[in-house]
**Q** 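Let me begin by handing over the structure; questions about it come next.
Along the sequence shown, the residues carry numbers beginning at 1. What's counted below: heavy atoms across the whole structure, side chains too, no hydrogens, waters or symmetry copies.
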Amino acid sequence: MIRVGNIKVPLDFDFSTLEQFCTSRLGISDSSLRSVKLSKKSVDARRKNDVHFIISLDISAKGEVTLLKRLKNASPVKKYVYTIPRVNVDKRPVIVGFGPAGMFAALVLASAGARPIVIERGSDVDTRVKAVEEFTASGKLDTECNIQFGEGGAGTFSDGKLTTGIKDERIRWVLEKLVEFGAPDEILYMAKPHIGTDKLRGTVKSLRRKVTELGGEVRFGARFSGYEVQNGCISAAVYTDGNGEHIVETDTIILASGHSARDVFEMLYEKGVSLSQKNFAVGVRIEHLRTDIDKVMYGSFAGHSALKAADYKLVVHLPNGRTLYTFCMCPGGVVAAASSEKERLAVNGMSYFARDEVNSNSALLVNVGPDDYGSPHPLAGMHFQRKLEEQAFIAGGGSYSAPVCTVGELMDRKLSDGFGHVLPSYRPDVKKALPDEYLPDFICESLRLGIPEMGRKINGFDNAEAVLTGIESRSSSPVRINRGDDLQSLSLRGLYPCGEGAGYAGGIVSAAVDGMKCAEAVIDKLIGGIS
C-alpha cells in the first residue's frame, strides 16, 4: 500500500468518488486499482479567497513500486499492528481512575487476560450526566461525581479533542478502538479530530463493557484512600465506598486518578511517595460569536456546508517575559462549570460533536511554575491553584457563579452594566468581576498585553465585547508523581503513576497512550517475573 499526500481538492469535492479520482487524476488504471481510502483531511484556509481541503489517500494497487516513483508525495505505508501477549496473574492488578489513561490501561490488561480491577471515585457516565446537569442548573455540587470525576474522566465533558503533540505508533490503535466503541469514523483521517461530549458518553460506556467482557471489573463510587506495603512493595489497594473501607490484595496499582484528585496527592505526600513540583497554566476563557470567528478564519467561504466551525491557535511572547497562549479551543461550544471542590471555582470548555453552539471559546493561559508558587513544597503548585480557585469563587459571588467581564472592561479596568453582542455561556450563573480580583498581577498584565497582540493576528479577537470567564486553572496537573524508566514510582515498587494526573500526559490521546505504556510495563513484569 502507498500513501499519496498533499492533494488539493475543493470544498464541494465528492468523497464517494475516490476510485474515479485515482484513475482520472492520478492515472491509475481501473484494472490496477485494488482499493483506496481517505487517510487524512485538513482545511487549508491560509488564503481566504481559496479555502479548500488537503487530503492524503492510502492506495492499494498493482505495480506500487512504479507508482512510488511516478507519483508526487507518495510513500509506502507500513501497517501498524498492536499485539498484546497473554499473561497469568496470581493477584489482579488495580487501576485507580477510569479516565483515558485508566480506560486504556484496563483495556490492554483485560485483553492480556490480567482481569484488572478498576476503582473510580465517580459514577457511571449516565449517573454522572445527571449530576453535571443538576450542578449546571442549580449550583449544587457533588464533590465525588462531577466534570472532573467519573466514567471517562474530565475528557468526557470537554470538546473531545484528539489532537496531540506526541509521536507514538500507539495513537493509531487508540483511535481505531475509539471508533470500534462508537466514535465517528472521521477521527481516523481528520487532521484535527474530535469526538464531542455527546459522542464520548456512548464511547466510554462501550469501552467499559468490553473491559468487563474480557474479565475486568469497574467499581464506581470507589474512592482510592490508600495502600498497604510489604517489603517495600505494594501489597494491597484500599478504597472506600458507601459500604465502608475495602482492601484489595494486589502487587500492582496503576495510578491514573487525574489532575484534580488532590486528596490523592496529599495522601501520597503523607506516605512519603516521591513527588515534585510541575509547571502548569492559569487564565480565563474567552468567548466570541462562532459566526464571527468563522468569518475571520474562512472569509467568504464561512457557512459552507462542508466546513465545520472554525478553530484557531495563538501564541504571543510578551515584554514582561511571559507567554500568553490559547488552549483547548472549543469551536461552537460552551464554557462549562468544572469545579470539584466546595467553594472553589473552575471552568473548562465543552462542545458537542456538531460544534453548533452560538459561541466559540478558548482558554487564554499563562504558564506558572515553581518561581510563582512561593514555596519548595512538592504540593505548592496545588496550593497555589486552590487559592486562586477560592478567590474566583468569592469574586463570582458564591454559589459557583463565575466571574466574567468583557475585553473592553478588562482593558479599561472598569466594569459596566450588561453585555454587548456576545453573551456568556457559563451556567449556573455569572457575576461581573475583573480578573484582578482573583488572578495574580502578572497574569492580568499578560492578558492586557497579549489580547491586543492576538487581535493583530486574528482580526476581531480583541473585540471589546468578547467575554472573559474565570478561572481556567485545570489545564494540567500541578504535581508530578516521579517514576523511573520502568514506569514504577521511584519510591514504591508496584505503583505505576500514569497519565495526566501523574504529570505524564496532556489530553485524551496522550493519556490513553500513557495508560497503554503502563499496562505494557505491568505485562512485561508478569512475563519476566520481575518486581
Side-chain angles (χ1 to χ4, degrees), residues 3-22 24-26 36-59 71-74 159-165 175 184-196 199 286-316 325-333 349 351-362 421-422 453-463 466:
R3 177 165 297 161
V4 182
N6 200 30
I7 302 170
K8 176 181 175 180
V9 297
L11 295 182
D12 57 2
F13 180 76
D14 183 354
F15 285 91
S16 68
T17 63
L18 289 178
E19 291 186 2
Q20 181 181 343
F21 178 84
C22 288
S24 62
R25 177 86 171 263
L26 302 182
V36 57
K37 67 176 181 178
L38 187 63
S39 63
K40 189 173 183 181
K41 176 183 176 185
S42 62
V43 177
D44 187 342
R46 290 172 294 178
R47 297 171 59 189
K48 306 310 175 195
N49 64 345
D50 182 26
V51 178
H52 55 271
F53 292 124
I54 298 293
I55 65 172
S56 297
L57 300 176
D58 283 357
I59 299 169
L71 296 175
K72 291 183 179 180
N73 303 308
D159 180 63
K161 226 177 297 306
L162 302 176
T163 51
T164 178
L175 297 179
D185 289 348
E186 70 173 47
I187 69 171
L188 296 175
Y189 58 79
M190 291 298 292
K192 298 178 180 178
H194 87 109
I195 301 180
K199 302 287 187 181
I286 186 167
E287 290 190 273
H288 304 85
L289 288 183
R290 171 174 53 83
T291 52
D292 287 348
I293 294 297
D294 288 353
K295 287 175 185 176
V296 73
M297 299 305 292
Y298 293 147
S300 62
F301 288 86
H304 193 288
S305 60
L307 293 172
K308 294 189 176 183
D311 64 1
Y312 58 76
K313 186 175 183 180
L314 292 169
V315 180
V316 291
Y325 64 97
T326 62
F327 174 78
C328 189
M329 196 267 161
C330 292
S351 60
Y352 295 95
F353 179 70
R355 286 178 166 175
D356 58 359
E357 295 290 332
V358 174
N359 292 349
S360 289
N361 72 80
S362 176
H421 72 293
V422 183
E453 288 297 314
M454 290 179 169
R456 294 182 180 94
K457 297 186 175 187
I458 295 180
N459 184 37
F461 189 87
D462 57 345
N463 187 291

**Q** With a 4.5 Å heavy-atom cut-off, do Leu57 and Lys37 have their side chains touching?
**A**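 A side-chain contact is absent here, since even the closest heavy-atom pair is not under 4.5 Å.
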**Q** Please name the pair of heavy atoms, one in Arg355 and one in Asp159, separated by the smallest distance, quoted to 0.1 Å.
**A**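 Reported closest heavy-atom pair: NH2-OD2, 2.6 Å.
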**Q** Minimum heavy-atom separation for Ala310 and Met329, please, with both atom names.
**A**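 Taking every non-hydrogen atom into account, O-CE, 3.7 Å.
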**Q** Closest heavy-atom contact between Ala302 and Asp294?
**A**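 In terms of heavy atoms, the two residues are closest at CB-O, 3.6 Å.
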**Q** Checking side chain to side chain contact (heavy atoms under 4.5 Å, CB included) for the pair Ile55/Lys40: CA distance, chi angles, key distance, verdict?
**A** CA-CA 5 Å; Ile55 65 172; Lys40 189 173 183 181; over 6 Å; no
**Q** For the residue pair Cys330 and Gly349, what are the closest heavy atoms and their distance?
**A**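 Looking at all heavy atoms of both residues, the shortest contact is SG-C, 3.5 Å.
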**Q** Considering only heavy atoms from C-beta outward, does the side chain of Ile7 approach that of Phe21 to under 4.5 Å?
**A**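 The answer is yes, as the side chains (C-beta and beyond) meet within the 4.5 Å cut-off.
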**Q** Do Asn49 and Ser300 touch side chain to side chain, with heavy atoms closer than 4.5 Å?
**A**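 No; the side chains remain at least 4.5 Å from each other.
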**Q** Going from CE on Met190 to CG on Leu38, what distance comes out if it is rounded to the nearest 0.5 angstrom?
**A**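 Those atoms lie 9.0 Å apart.
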**Q** Do Ile59 and Arg3 pass the side chain to side chain contact (heavy atoms under 4.5 Å, CB included) test, and can you show the C-alpha distance, the side-chain angles, and the key distance before you say yes or no?
**A** CA-CA 6 Å; Ile59 299 169; Arg3 177 165 297 161; over 6 Å; no
**Q** Taking atom NZ of Lys48 as the centre, does the number of heavy atoms from other residues, nucleotides or ligands within less than 6.0 Å exceed 12?
**A**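 Check passes, neighbour count above 12.
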**Q** If you look at every heavy atom in Asn459 and Val296, which pair is closest and at what distance?
**A**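 So the minimum-distance heavy-atom pair works out to O-CG2, 3.4 Å.
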**Q** Charged N to carboxylate O under 4.0 angstrom, Arg456 versus Asp462?
**A**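 Looking at Arg456 and Asp462, the cut-off is not met.
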**Q** Measure from the side-chain N and O atoms of Lys161 to the backbone N and O of Lys192, and report whether any donor-acceptor pair falls under 3.5 Å.
**A**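 Looks like no, no N/O pair under 3.5 Å.
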**Q** Measure the spacing between OG of Ser360 and CD1 of Ile286 and express it to the nearest 0.5 Å.
**A**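 Rounded to the nearest 0.5 Å, the OG-CD1 separation comes to 11.5 Å.
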**Q** Can you confirm whether or not the ring centre of Phe461 sits under 6.0 Å from the ring centre of His288?
**A**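 Between Phe461 and His288, the centre distance is under 6.0 Å.
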**Q** For Phe15, does the six-membered ring have the charged nitrogen or CZ of Lys41 within the cation-pi criterion, i.e. under 6.0 angstrom from the centroid and within 45° of the normal?
**A**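 Yes, Lys41 and Phe15 form such a contact.
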**Q** A side-chain contact here means heavy atoms from C-beta on lying under 4.5 Å apart; do Leu162 and Leu175 qualify?
**A**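 They are in side-chain contact.
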**Q** When you compare the side chain of Arg46 with that of Val51, does any pair of heavy atoms fall below 4.5 Å?
**A**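 Answer no - side chains too far apart.
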**Q** A quick test of your reading: do over 12 heavy atoms of other residues, nucleotides or ligands sit less than 6.0 Å from OH of Tyr298?
**A**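 Result for OH/Tyr298: enclosed.
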**Q** Run the ring-centre check on Phe353 versus His194 and record whether the distance is less than 6.0 Å.
**A**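 Yes, they do, as the ring centres are separated by less than 6.0 Å.
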**Q** Check step by step if side chain to side chain contact (heavy atoms under 4.5 Å, CB included) holds for Asn6 and Ser56.
**A** CA-CA 6 Å; Asn6 200 30; Ser56 297; over 6 Å; no
**Q** I'd like to know if the side chain of Lys457 reaches the main chain of Val315, judged simply by a donor and an acceptor atom lying under 3.5 Å from each other, with no hydrogens or angles considered.
**A**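 Present.
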**Q** May I ask you to say whether Lys8 pairs ionically with Asp44, meaning some side-chain N is under 4.0 Å from a carboxylate O?
**A**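 Result for this pair is no, no salt bridge flagged.
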**Q** Take Val316 and Tyr325 through the side chain to side chain contact (heavy atoms under 4.5 Å, CB included) test and state the conclusion after the steps.
**A** CA-CA 6 Å; Val316 291; Tyr325 64 97; over 6 Å; no
**Q** Would you say the side-chain atoms of His304 and Asp12 include a donor-acceptor pair closer than 3.5 Å?
**A**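 There is no such pair (donor and acceptor under 3.5 Å, judged by atom type) between the side chains of His304 and Asp12.
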**Q** Do Phe13 and Leu18 have side chains that approach each other closer than 4.5 Å (heavy atoms only, starting at C-beta)?
**A**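 The answer is yes; the side chains approach within 4.5 Å.
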**Q** Between the side chain of Ser362 and the main-chain N/O of Thr326, is any donor-acceptor distance below 3.5 Å?
**A**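 Side chain of Ser362 to backbone of Thr326: no pair is present.
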**Q** Ignoring hydrogens, what is the shortest heavy-atom contact between Ala309 and Gly332? Give both atom names and the distance.
**A**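 Where Ala309 meets Gly332 most closely, the heavy atoms are CB-N, 4.2 Å.
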**Q** Say whether Glu287 and Asn361, considering side chains only, have a donor N or O and an acceptor N or O under 3.5 Å apart.
**A**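 Their side chains do not contain a donor-acceptor pair, so the 3.5 Å distance test is not met.
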**Q** Would you indicate whether the side-chain heavy atoms of Thr163 and Pro193 approach each other to under 4.5 Å?
**A**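 Side chain of Pro193 against side chain of Thr163, heavy atoms only: contact under 4.5 Å found.
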**Q** Thinking salt bridges, do Lys308 and Glu186 make one under a 4.0 Å N-O criterion?
**A**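 A salt bridge links Lys308 with Glu186.
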